[in-house]
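Every number for a ligand or one of its atoms is a count from 1 in the order of the listing. Predicted, not measured: the structure shown is a model, and the values here were computed from it.
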Amino acid sequence: MKCSRPFAIGLLATTCLFAGAVQADGPPSKGEQALKYRKSLYQVMAWNFGPMGAMAQGKVPYDAAEFAKRADRVALIAPMLSEGFAAETRHLPHSDLKPAMWANRADFDAKMKDLVDRSATLATVARAGDFAKSKAAFFDTANTCKACHDKYRAD
Ligand code: ASC
């Protein structure tokens, strides 16, 4: 069969596009999985941090049980985060992580440890049900979030 040149080019382009689509739909790489895991954890963190923040800022009434539940969740998730910063995630797109983190890993890890420590304290304090103390422990924790975001998050 003799093909016209436009037909042959069209066929080639279609084949390449199809191959690309198949490749894009392939199983995610280790790095892509780690990045997804990381983003999911931050989503869970923010979801649970929010209601505590609203109470701490007086936007909604303090509910000791609700506050303690959220604090427990944050303390549970915080130690899982560092695993999401696997080396395989380094050059992937769709991340707000500043490349500076990779050159300052010890500082980043220290900031992560601050979050883990303060969120554990927050959970303990929150369980006792004292608003003033819970609020102070909440802002201590929020400051560790901010310290890391200011330096290592792009926006
Ligand atoms: C939040 C949230 C953060 C931190 C940060 C604290 O509720 O989503 O990233 O608190 O803003 O400064």
Q. How close does the nearest protein non-hydrogen atom get to atom 7 (O) of ligand 1, and which residue and atom is it?
A. Phe49 CD2, 3.3 Å
**Q.** Region of Met45 engaging ligand 1 - heavy atom pairs below 4.0 Å
**A.** neither
Q) For Met80, does its backbone N or O pair with a side-chain atom of Tyr37 as donor and acceptor, under 3.5 Å? A) yes
**Q.** Under 3.5 Å: donor-acceptor pair, side chain of Glu88, backbone of Glu32
**A.** no
Q: Provide, to 0.1 Å, the distance between atom 3 (C) of ligand 1 and the closest protein heavy atom, together with that atom's residue and name.
A: His149 CE1, 4.2 Å
Q | Top protein contact for atom 6 (C) of ligand 1, by heavy-atom distance | A | Ala142 O, 3.3 Å
Q: Using the ring of Phe85 (Phe, Tyr or Trp, six-membered ring only), decide whether Arg38 places NZ or CZ under 6.0 Å from its centre and within 45 degrees of its axis.
A: yes
Q) Do Asn143 and Asp114 have side-chain heavy atoms sitting under 4.5 Å apart? A) no
Q. Of all the atoms in ligand 1, which lie at a distance below 4.0 Å from a heavy atom belonging to Lys146?
A. 12 (O)
Q.
How far is atom 8 (O) of ligand 1 from the closest protein heavy atom, and which atom is that?
A. Ala46 CB, 4.0 Å
**Q.** atom 4 (C) of ligand 1 - nearest protein heavy atom and its distance
**A.** Cys145 CB, 4.0 Å
Q. Parallel, tilted or perpendicular: which describes the rings of Tyr152 and Phe108, with under 30° parallel and over 60° perpendicular?
A. perpendicular
Q: Check the pair Glu66, Arg70 against salt bridge (Lys or Arg N to Asp or Glu O under 4.0 Å), reporting the backbone distance first and the verdict last.
A: CA-CA 6 Å; Glu66 172 70 7; Arg70 305 292 174 183; 2.8 Å; yes
